[in-house]
2 protein chains.
Amino acid sequence: MTTAQHPWPETLRDCGLRVTRQRLAVLDAVAERPHQPAEAIHAEVARRLPEITVQSVYTVLHDLTAHQLLRRFDPPGSAARYETRTQDNHHHAICTRCGRIEDVDCVHGAAPCLEAPAGLGMEVEVADVVFRGICRDCAAQAGAEPASAAPQPLPDS
Amino acid sequence: MTTAQHPWPETLRDCGLRVTRQRLAVLDAVAERPHQPAEAIHAEVARRLPEITVQSVYTVLHDLTAHQLLRRFDPPGSAARYETRTQDNHHHAICTRCGRIEDVDCVHGAAPCLEAPAGLGMEVEVADVVFRGICRDCAAQAGAEPASAAPQPLPDS
DNA sequence: GGGTAATTGTGAATTACTCATAATTTGCGG
DNA sequence: CCGCAAATTATGAGTAATTCACAATTACCC
């Protein structure tokens with residue numbers, strides 16, 4: 001689908017970061033499949049760079065997140081996820097049954113929820129919103145199967 | 001301040017739970033100091049029940065959370081916190097410098113942010129909102145000290 | 001190409017929990 | 001009150017996710 005890739009090397013250099021195979025591979029993997037945990041990113045990256053270690057993936061993810069090339073998202077009760085959408089203010093929806101994570105564009109405009117805490121003595125910089133519920137597919141299945149009480153352990157995207 | 005305590009024993013029995021010293025002590029500790037991690041709750045509880053173990057605190061927190069007597073909150077990149085405000089829809093503000101966590105009442109009314117994802121194929125049950133920024137105290141200090149780049153490791157309340 | 005600082009690899013350590021099982025306790029029935 | 005059964009807690013080990021220290025390698029300016 002996306003034949004034209006991001007100019008990752010340029011972006012890296014703009015941040016004062018060196019261009020390495022590991023960083024490019026991680027950026028590609030996260031761009032292609034967002035909302036994956038570090039282990040899954042490592043598995044994907046290892047297909048091209050079999051010698052890469054999980055620890056290096058952690059280091060790369062940490063560095064790229066610190067430089068705003070990646071955004072880290074912590075689903076409650078699960079490992080951290082990463083995505084390349086860092087410039088816009090978007091939120092996330094998690095299905096409590098199948099664990100699927102989807103992006104949710106901001107409803108109130110560009111910087112929506114930041115207007116919220118009027119009386120709060122704080123200058124708000126970020127507002128992270130996590131919606132939780134039952135996605136359409138799981139709701140459809142719920143009619144047939146009563147479904148398990150415990151939610152699935154957050155599989156993939 | 002709050003001389004009149006909650007009727008925890010009654011509340012516990014209403015949930016079909018037995019009344020134990022450990023549960024009462026945990027409920028008291030969380031009510032008195034919300035937004036504390038399990039370790040801090042254990043430390044507080046241990047002042048009255050020196051023989052209690054951290055694992056038991058984890059079990060109690062888990063059980064009470066499952067029965068809606070406590071609400072669990074996962075700050076990004078930090079251990080879980082607990083609070084007794086379970087009936088209202090409120091959110092949280094975290095100072096990225098000092099780590100202080102404060103409650104934020106809902107701005108849009110009772111169930112505010114649930115109206116958000118119109119085009120989303122999901123029936124939203126919960127909307128967790130986390131505001132992050134610099135609190136008033138830290139902003140005042142920022143003028144004097146340039147402050148460290150890394151945020152403090154989420155101390156207390 | 002050479003040097004140097006940045007980056008990655010290696011391996012151990014840590015944090016925040018969870019799990020299995022044994023000991024204890026609560027609360028009901030008698 | 002007493003005792004039993006189920007619920008709860010203590011004990012100890014185990015796990016997942018991530019971090020840390022340091023040695024080996026690599027990118028990039030000259």
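Chain A is the first sequence line, chain B the second, and so forth, proteins listed ahead of strands; every chain is numbered from 1. Note that the coordinates shown come from a computational prediction; the quantities given were computed from them, not determined experimentally.
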Closer than 4.0 angstrom, basic N to acidic O: yes or no for [X] and [Y]?
{"X": "A:Asp63", "Y": "A:Arg23", "result": "yes"}
{"X": "B:Arg85", "Y": "B:Asp105", "result": "yes"}
{"X": "B:Arg100", "Y": "B:Asp137", "result": "yes"}

What about [X] and [Y], same hydrophobic cluster or not, with Ile/Leu/Val/Met/Phe/Trp/Tyr joined at side-chain heavy-atom distances under 4.5 Å?
{"X": "A:Ile134", "Y": "A:Val129", "answer": "no"}
{"X": "B:Tyr58", "Y": "B:Leu24", "answer": "no"}
{"X": "A:Leu49", "Y": "A:Val26", "answer": "yes"}

- Just checking B:Ala38: base, sugar-phosphate only, or nothing, at a heavy-atom cut-off of under 4.0 Å?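 Nothing: the residue B:Ala38, judged by heavy atoms under 4.0 Å, touches no strand.
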
Query - Flag side-chain contact, heavy atom, 4.5 Å: A:Cys15 against A:Leu69 - result: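 In contact.
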
Value in whole Å for how far the [atom2] atom of [N] lies from [atom1] of [X]:
{"X": "B:Asp74", "N": "C:dT15", "atom1": "CG", "atom2": "C1'", "result": "14 Å"}
{"X": "B:Glu39", "N": "C:dT14", "atom1": "CD", "atom2": "P", "result": "15 Å"}
{"X": "B:Gln22", "N": "D:dT11", "atom1": "CD", "atom2": "C1'", "result": "14 Å"}
{"X": "A:Arg23", "N": "D:dA27", "atom1": "CZ", "atom2": "P", "result": "11 Å"}
{"X": "B:Ile41", "N": "C:dA16", "atom1": "CD1", "atom2": "P", "result": "13 Å"}
{"X": "B:His42", "N": "D:dA10", "atom1": "NE2", "atom2": "C1'", "result": "11 Å"}
{"X": "B:Leu12", "N": "D:dA7", "atom1": "CG", "atom2": "P", "result": "16 Å"}

Check each residue of residues 50-69 of chain A for a non-hydrogen atom within less than 4.0 Å of any atom in DNA chain C, then write out the ones that pass by number, or none.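 Those residues whose heavy atoms fall under 4.0 Å from DNA chain C, taken from residues 50-69 of chain A in numerical order, are A:Glu51, A:Ile52, A:Thr53, A:Gln55, A:Ser56, A:Val60.
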
I'd like to know if the side chain of B:Thr53 pairs up with that of B:Ser56 as donor and acceptor (distance under 3.5 Å, no hydrogens or angles considered).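 Looking only at side-chain atoms, B:Ser56 and B:Thr53 do form a donor-acceptor pair, the distance falling under 3.5 Å.
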
Do you know which of A:His92, A:Gln36, A:Arg72 makes side chain to side chain donor-acceptor pair (under 3.5 Å) with A:Glu83?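 That would be A:His92.
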
Given protein heavy atoms under 4.0 Å, the one-letter contact record of nucleotides 22-30 of chain C, with B base, S sugar-phosphate only and - none, is simply ---BBS---

